[in-house]
Amino acid sequence: GLAVPTAAQRRELGTDRGLIVERVQGAAARAEIQAGDVVLAIVTGGRQIPLRTVDEFKRLVAGLKDGQQVTLLVGRGGVTSYVALKAGQ
């Protein structure tokens, strides 16, 4: 599951965007995403879309077909990296 960071978490993370990973399962676990990571953006249709709300993330993911690859920009410990995973798997 994902959650919007609190103001204190945002200060600690040094960002005004992104969603904190609370629970990892399925494709995210296989992609080695961990609880505490911050999903900053989703790359879809050749565009990088910054994430600010859980609803926004759900809406973007709902438009993906099963097996379609999606790339997330993930922050962990001050380092950002792109993580690819397959939707619905």
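The first residue of the sequence shown is numbered 1, and numbering continues consecutively from there.
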Tell me the closest heavy-atom pair linking [X] and [Y], and the distance in Å.
{"X": "Ala41", "Y": "Pro50", "value": "CB-CA, 4.0 Å"}
{"X": "Val24", "Y": "Ala35", "value": "CG2-N, 3.5 Å"}
{"X": "Ala31", "Y": "Ala84", "value": "CB-O, 4.0 Å"}
{"X": "Gly67", "Y": "Lys86", "value": "O-CD, 3.7 Å"}

Result of checking Val39, Val74, Val38 against Val21 for side chain to side chain contact (heavy atoms under 4.5 Å, CB included):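 Among Val39, Val74, Val38, the one meeting side chain to side chain contact (heavy atoms under 4.5 Å, CB included) with Val21 is Val39.
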Take Ile20 and Leu2, measure what side-chain contact (heavy atoms from CB on, under 4.5 Å) needs, and give me the verdict at the end. CA-CA 6 Å; Ile20 290 186; Leu2 296 169; over 6 Å; no
Between [atom1] on residue [X] and [atom2] on residue [Y], distance to nearest 0.5 Å:
{"X": "Arg59", "Y": "Ile49", "atom1": "CZ", "atom2": "CD1", "answer": "8.0 Å"}
{"X": "Gln34", "Y": "Arg76", "atom1": "CD", "atom2": "CZ", "answer": "3.5 Å"}
{"X": "Tyr82", "Y": "Leu72", "atom1": "OH", "atom2": "CG", "answer": "11.0 Å"}
{"X": "Ser81", "Y": "Asp37", "atom1": "OG", "atom2": "CG", "answer": "8.0 Å"}
{"X": "Leu73", "Y": "Leu40", "atom1": "CG", "atom2": "CG", "answer": "5.0 Å"}
{"X": "Leu51", "Y": "Lys58", "atom1": "CG", "atom2": "NZ", "answer": "13.0 Å"}

Not counting sequence neighbours, which residues clear side chain to side chain donor-acceptor pair (under 3.5 Å) with Thr6? List them please. Gln9
Could you tell me whether Gln48 atom CD has more than 12 heavy atoms of other residues or ligands within 6.0 Å of it?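 Check passes, neighbour count above 12.
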Are Ile33 and Val70 linked, directly or through other ILVMFWY residues, by side chains that come within less than 4.5 angstrom of each other?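 Shared cluster, yes.
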In this structure, would Val83 and Leu19 fall into the same cluster of hydrophobic residues linked by side-chain contacts under 4.5 Å? yes
Between Glu56 and Arg52 (side chain of the first, backbone of the second, donor and acceptor by atom type, cut-off under 3.5 Å), is there such a pair? yes
